[in-house]
Amino acid sequence: QVQFVESGGDLVQPGGSLRLSCAASIGDFSTYAMGWFRQAPGKEREFVASFGRGPRDIHYADSVKGRFTISRDNAKSTVALQLSSLKPEDTADYYCYADRVMTALALKRGPYSGSWGQGTQVTVSS
């Protein structure tokens, strides 16, 4: 069973930055496509970014492109999300996701049958 430890969520002012981290207990982390998703209050969970099995297999939602950066460290079984130029509309619970079968591109659309983290809260407010 996959287990995650997510951290890094916080209250931050508009224009600020945060770094989210997700440590996964997975047999062979490098074989998983990893993703970050978010869910704002009253809204559905949405794709944010994904990092596939290759070093350049990276995808972003249009709403965060140029502001957020996803990275992974296979040796440490971690995936991180650097959030910059934060806006109030980035306020949400952010979730880590791991999938053994799907590609990083496919994570943009789903469906999702992999494993989810417990979420970490990001609040952007002055």
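Just so you know, residue 1 is the first one in the sequence shown, and it goes up from there.
- The aromatic rings of Y97 and W116 sit tilted relative to each other, their planes meeting at an angle between 30° and 60°.
- In the hydrophobic clustering of this structure, L107 does not group with Y94; members are Ile, Leu, Val, Met, Phe, Trp, Tyr whose side-chain heavy atoms approach within less than 4.5 Å, directly or through other members.
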When you look at T91 and S125, which way does the side chain to side chain contact (heavy atoms under 4.5 Å, CB included) test go after all the steps?
CA-CA 8 Å; T91 295; S125 174; 5.9 Å; no
Pair D90-K87, salt bridge (Lys or Arg N to Asp or Glu O under 4.0 Å): steps then yes or no
CA-CA 5 Å; D90 295 318; K87 306 175 182 179; over 6 Å; no
Would you check, one step at a time, whether the test side chain to side chain contact (heavy atoms under 4.5 Å, CB included) holds for V64 with R38?
CA-CA 11 Å; V64 307; R38 67 186 181 186; 4.0 Å; yes
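- Distance CG/D62 to NZ/K108: 6.0 Å, rounded to 0.5 Å.
- Under the 4.5 Å side-chain heavy-atom criterion for grouping Ile, Leu, Val, Met, Phe, Trp and Tyr, F37 is connected to M102 within one hydrophobic cluster.
- Atom CD of E44 sits in a sparse spot, with 12 or fewer heavy atoms from other residues, nucleotides or ligands closer than 6.0 Å.
- When every heavy atom of I70 is checked against every heavy atom of Y60, the shortest pair comes out as N-OH, 2.9 Å.
- Linking ILVMFWY side-chain heavy atoms closer than 4.5 Å, directly or via other members, places F51 and F47 in two distinct hydrophobic clusters.
- Proximity of Y112 to R45: side-chain heavy atoms (C-beta onward) are nowhere separated by under 4.5 Å.
- Hydrophobic clustering (ILVMFWY, side-chain heavy atoms < 4.5 Å, transitive): Y95 and F4 are in distinct clusters.
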Indicate every side-chain donor-acceptor pair of residues 12-36 with a distance under 3.5 Å to a residue at least two apart or in another chain.
residue : atom : partner : partner atom : Å
D28     : OD1  : S30     : N            : 3.4
D28     : OD1  : S30     : OG           : 2.8
T31     : OG1  : D28     : O            : 2.7
T31     : OG1  : R100    : NE           : 3.2

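- Taking every heavy atom of both residues into account, G9 and T120 meet most closely at N-OG1, 3.0 Å.
- To the nearest 0.5 Å, atom OG1 of residue T69 and atom CD1 of residue I58 are 8.5 Å apart.
- Interatomic distance, CG of D10 versus CG of L86, reported as 11.0 Å (0.5 Å rounding).
- Side-chain atoms of E6 come within 3.5 Å of backbone N or O of G119 as a donor-acceptor pair.
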